[in-house]
Amino acid sequence: DLVVQQLQDGIAQSAFVTQAAVDGYVRLRDQLRNIEVFAVPAAPRLASIKPDEADLEAYFNAHKVDFRRPERVRVESLELDLDILAKLMKPSEEDIRLAYEAYVEAQKQLEARQAQHILITVEPGADDALARKTVENLRQRVVNGEDFSKLAEEFSQDQGSSRQGGKLGAVTRGMMVEAFEKALFALPKVGSVSEPVRSQFGWHLIALDSIEPVVAKPLDAVRAQMEQNARQVMAETQFHDYADRLATLTYEHPDSLLPAAEQLGLSITKSDWLERGQAGDKARLIQAAFSDDVLKHGRNSEVMDLGGQQAIVIRLLEHEDAADQSFALVRAEVEKRLIEETLGKIMQSDTDALRLALAQAGEPALPAGVQRVFSGSIKRQSRDVESEVARVAFTMQPPASGGVTTQALRLASGDYAVLRLLSVTPGDPVGLAADERQHLMRELRGNQAMSDVSVFEAYLRAKAEITQRQDI
């Protein structure tokens, strides 16, 4: 690792950036683009599209293949997860007692303590022993009766709490660094003062002002919850054993899920239709349903580990081949598709016409419903226009002298926008402050260094001969 790091450092340290490169970067970074944005709304055009039955049937007949129902199956399954398994568990009194003890301990962790502290920091290279000795002396003064708050105001170097006499307010576990927390919650009673405590911030002296305990309820009051907690613990402990038994039983009885269901106390469930190639969270289940073992040979699937202590095994219940569907059955989808396609063609035609009008110099004659929604200069990170509009504006070719360039884009809302780029003004590196120029040089040099290292690593990979072992 050290040799590799030295090599990388050597390449990185050889990177350099010229003043000309900084100038070029500033010209691009601070570039201004003078644009106009015209909105072409979809809603009024959508409202005008009203296909009749003849239009719908003609579209359906021309696109029947698009409306075929895919091959599909229904399956039955046995599913195992912690919630299902917990319901099968029968905890004993000992299991419930252990769950209650865990509950009591968890309640203790919620205890809050009001505390004060004095911090003496230790700067790099400073005398750590001297800082500790200072805290020891302050502790002795507190033991001798001096007021902790006044000492904190005078000596503590924690600027956040010293002006409040070192008061930290209510502290619960997890709020402070480990060493501080351990010392605070080890103090036996209110009024106790810790020994000097070392943390990454320096040396602390801690005083316990009050304890706000969280009292655990008696077992009888929480018995139902403790029984549930015990079932959950037992389910977590026995999950893998049940999963192994599920795998064994469904393998030994490949033509039925019933023996496994009866022996394990599980319920067989039936799915809705699952289509071949269907994506989403059921993709793995669908892959198994259409496997040869399940679909062709009628066997149970292997037990699938779904992660998060979930497992499932399936078998085929019903299968249907892909088939054409009647117009009546898919009419709504046909109408939706035809309207979407028609709207797309109208929007494309209207934006093309608008671009032609905008390509001419001078004030354009706008089609009905089209509005100029922005006119002005923007930078790359401008918030005056939508981020997608700004992104496209900075990909457009600068216009020729006296001309303009145009570009259309579809917005997330479904509306279209047409951009007209009037001029491009480079950023001005002459006005760059000296400290900002130095900062940019360091930043660009770092980027160049990372690029050089990446290129070298790619070269080494391309030249290396790698043999992959097949026995592991």
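Computed from heavy atoms alone, side chains included, the values below leave out hydrogens, waters and symmetry copies.
The backbone N or O of Leu168 sits nowhere less than 3.5 Å from a side-chain atom of Ser161 that would complete a donor-acceptor pair. With hydrogens and angles ignored, the 3.5 Å screen pairs no side-chain donor or acceptor of Ser77 with any backbone N or O of Glu79. Between the side chain of Arg33 and the main chain of Ala393, a donor-acceptor pair closer than 3.5 Å is present. Using a distance-only test at 3.5 Å, with no hydrogens or angles considered, no donor-acceptor pair links the side chain of Arg113 to the main chain of Val171.
Using a 3.5 Å distance cut-off with no hydrogens or angles, the side chains of Gln325 and Arg69 do not pair a donor with an acceptor. Looking at Asp95 and Ser92, their side chains do bring a donor and an acceptor atom within 3.5 Å of each other.
Judged as a salt bridge (charged side-chain N to carboxylate O under 4.0 Å, His left out), and not counting sequence neighbours, Glu236 has no contacts. Residues passing the side chain to side chain donor-acceptor pair (under 3.5 Å) test with Arg231, sequence neighbours excluded: none. Residues passing the ring-ring contact (aromatic ring centres under 6.0 Å, His included) test with Tyr103 are Tyr100, sequence neighbours excluded.
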From CA spacing to verdict: side-chain contact (heavy atoms from CB on, under 4.5 Å), Gln140, Asn137: CA-CA 5 Å; Gln140 188 59 50; Asn137 291 338; 5.7 Å; no
Asp83 vs Gln232, side-chain contact (heavy atoms from CB on, under 4.5 Å): CA-CA, chis, key distance, verdict: CA-CA 8 Å; Asp83 289 338; Gln232 198 71 20; 4.2 Å; yes
Could you list the donor-acceptor pairs under 3.5 angstrom formed between side-chain atoms of residues 215-226 and any protein atom two or more places apart in sequence or on another chain?
from	atom 1	to	atom 2	distance (Å)
Arg223	NH1	Glu93	OE2	3.2
Arg223	NH2	Glu93	OE1	3.4
Gln225	NE2	Asn229	OD1	2.7

Would you be so kind as to tabulate the donor-acceptor pairs closer than 3.5 Å made by side chains of residues 122-132, with sequence neighbours excluded?
from	atom 1	to	atom 2	distance (Å)
Asp127	OD1	Ala129	N	3.0
Asp127	OD1	Leu130	N	3.2
Asp128	OD1	Arg198	NE	2.9
Asp128	OD1	Arg198	NH2	2.9
Asp128	OD1	Trp203	NE1	3.3
Asp128	OD2	Trp203	NE1	3.3
Arg132	NE	Glu136	OE2	3.0

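Ring-plane geometry between His204 and His117 is classed as parallel, the angle between the planes falling under 30 degrees on a 0 to 90 degree scale with a further cut at 60.
The ring pair (Phe, Tyr, Trp, His ring centres under 6.0 Å) pairs that include a residue from residues 216-242 number zero, where partners must be two or more places apart or lie in different chains.
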